[in-house]
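These numbers come from the heavy atoms of this one structure, side chains and all, not from hydrogens, waters or symmetry mates.
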Amino acid sequence: MKMLYVVDGNGEERDGIKQYFELSGYEVQAFEDLHGVQVALSRQTPDLMLMEVQFPDGDGFTFLKKLKQTYSFPVIFVTARVAESDRILGFELGADDYVCKPFSSKELVLRVHALFRRIDVSVSAFRSGSTWTLGNSVLQLDEVSHLFSVDGNQVPLTAAEWRIMSYLVSNSGILITRSQILEHCFDYSFESYDRIVDTHVKNMRAKMGPLGSQWIETVRGYGYRFAGKSTSTKPQGGAEVQE
């Protein structure tokens, strides 16, 4: 049974979300403020967190930024902050989805189901792990142990970054557009969200070190391409990248 955290200062809305997900087969813990969830995280981490942005003891954006420094479980904002700038910021900080109030409880449950399905597909695609080379550099990705490393140095990725990296690696050598990344990794295809993809890729490259921009190539005006060469006999992406 999946464990969810619901963090919302509005008691009626918090209880409504909790009850609906419990009826859908999830175990749910609910919190009214950020302090409460911080204490809970020291004891147990959830499979996913649903949270508001506005709290008396802080804001969810700042909280998420700090959270992603330690944890990689997915986070969905469920909030009254509906401005496009807020949605963009939420994604840039590592949110896996952004749902504006008022919302359909059924749709929210379906979004969570879809997110878990994408994670499961990502895990099954790399169940035995994979190793890739770029010149003398070596990249390893193992979704089972949730380890990602470049030249032996472990690289921490957020849940969203994991899905993007998995998608790019599984299509090694193939041009992947921003729209494709949005659709396969976020269920979004709106042009206004392109900068979300760019921000995630920028963060991933920085974490990967000096060769980050070579591992993930930019195809100007179109999207990105993973340039690693598989050490297995059959490259997963099928299309070879010319050096």
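The distance from the CG atom of L64 to the CG atom of D96 is 8.5 Å, given to the nearest 0.5 Å. Distance check, rounded to the nearest 0.5 Å: CG of L139 to CG of L134 gives 9.0 Å. Atom NE2 in H113 sits 10.0 Å away from atom CG in L108 (nearest 0.5 Å). The CG atom of D33 lies 4.5 Å from the CG atom of D57; values are rounded to the nearest 0.5 Å. Interatomic distance, CG of N171 versus CD of Q180, reported as 8.0 Å (0.5 Å rounding). We find the CG-CG distance between L67 and L34 to be 10.0 Å, quoted to the nearest 0.5 Å.
Side-chain atoms of M49 and M3, non-hydrogen and from C-beta on, never get closer than 4.5 Å to each other. Residues S137 and W215 meet the side-chain proximity criterion, which asks for heavy atoms closer than 4.5 Å. Proximity of L48 to V75: side-chain heavy atoms (C-beta onward) are nowhere separated by under 4.5 Å. Inter-residue side-chain proximity for F73 and L41 is flagged as met; some heavy-atom pair is nearer than 4.5 Å.
Scanning both residues, R163 and C185, for their nearest heavy atoms gives NE-O, 3.0 Å. Taking every heavy atom of both residues into account, R87 and C100 meet most closely at CD-SG, 4.0 Å. Closest of all the heavy-atom pairs between S172 and G228 is OG-O, 2.9 Å. The shortest heavy-atom contact between P156 and E161 is O-OE1, 4.2 Å. For the residue pair N203 and E92, the shortest heavy atom distance occurs at ND2-O, 4.2 Å. Closest approach of F148 to L141, counting heavy atoms only: CD1-CD1, 3.5 Å.
Contacts of K2 classified as side chain to side chain contact (heavy atoms under 4.5 Å, CB included), with partners at least two apart in sequence or in another chain: Y26, D47, F116.
Of the possible polar contacts, none joining the R225 side chain to the G173 backbone as a donor-acceptor pair under 3.5 Å is found. The backbone N or O of T131 sits less than 3.5 Å from a side-chain atom of T231, completing a donor-acceptor pair. A donor-acceptor contact shorter than 3.5 Å is absent between the side chain of T158 and the backbone of G94. In this structure, K65 contributes its side chain and G60 its backbone to no donor-acceptor pair below 3.5 Å. With S24 contributing its side chain and Y20 its backbone, the two residues share a donor-acceptor pair below 3.5 Å.
The aromatic rings of Y5 and F31 sit perpendicular, their planes meeting at an angle over 60°, well past the 30° parallel limit. Relative orientation of the F77 and F61 rings is perpendicular, given thresholds of 30° and 60° on the angle between their planes.
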What's the verdict on side chain to side chain contact (heavy atoms under 4.5 Å, CB included) for V150 and Q140, showing C-alpha distance, side-chain angles and the deciding distance? CA-CA 6 Å; V150 177; Q140 293 181 306; over 6 Å; no

What's the verdict on side chain to side chain contact (heavy atoms under 4.5 Å, CB included) for T177 and I181, showing C-alpha distance, side-chain angles and the deciding distance?
-> CA-CA 6 Å; T177 66; I181 293 175; over 6 Å; no

Practice task
Take L115 and I76 through the side chain to side chain contact (heavy atoms under 4.5 Å, CB included) test and state the conclusion after the steps.
Solution key: CA-CA 10 Å; L115 177 55; I76 296 178; 4.0 Å; yes

request  = Verify side chain to side chain contact (heavy atoms under 4.5 Å, CB included) between M51 and F63, making sure each step is shown before the conclusion.
outcome  = CA-CA 10 Å; M51 67 180 300; F63 182 79; 3.7 Å; yes

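When hydrophobic clusters are built by joining Ile, Leu, Val, Met, Phe, Trp and Tyr residues whose side-chain heavy atoms come closer than 4.5 Å, directly or via intermediates, L157 is grouped together with L211. By the rule that hydrophobic residues join a cluster once side-chain heavy atoms approach within less than 4.5 Å of another member, V28 and F103 end up as members of one cluster. Residues L4 and V99 fall within the same hydrophobic cluster, defined by Ile, Leu, Val, Met, Phe, Trp and Tyr side chains chained together at heavy-atom separations under 4.5 Å. Under a hydrophobic clustering in which Ile, Leu, Val, Met, Phe, Trp and Tyr are joined whenever their side-chain heavy atoms come within less than 4.5 Å, directly or via other members, I88 and Y98 fall into the same cluster. Grouping the Ile, Leu, Val, Met, Phe, Trp and Tyr side chains by contacts below 4.5 angstrom, directly or via other members, places V155 with Y71.
Ring-centre distance between Y167 and F226: not below the 6.0 Å cut-off.
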Check residues 7-19 and write down every donor-acceptor pair under 3.5 Å in which the side-chain atom is one partner and the other belongs to a residue at least two apart or another chain.
{"residue": "D8", "atom": "OD1", "partner": "N10", "partner atom": "N", "Å": "2.8"}
{"residue": "D8", "atom": "OD2", "partner": "K101", "partner atom": "NZ", "Å": "2.7"}
{"residue": "N10", "atom": "OD1", "partner": "E12", "partner atom": "N", "Å": "3.1"}
{"residue": "N10", "atom": "OD1", "partner": "E13", "partner atom": "N", "Å": "3.1"}
{"residue": "E13", "atom": "OE1", "partner": "K101", "partner atom": "NZ", "Å": "2.4"}
{"residue": "R14", "atom": "NH1", "partner": "D8", "partner atom": "O", "Å": "2.6"}
{"residue": "K18", "atom": "NZ", "partner": "E22", "partner atom": "OE2", "Å": "2.5"}

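One side chain, D198 or Y224, offers a donor N or O that lies under 3.5 Å from an acceptor on the other. Side-chain contact check for T218 and R205: at least one donor-acceptor pair (N or O, by modelled atom type) lies under 3.5 Å. Between the side chains of Q154 and S149, no donor-acceptor pair is found at a separation under 3.5 Å.
More than 12 heavy atoms of other shown residues, nucleotides or ligands fall within 6.0 angstrom of atom NZ in K207.
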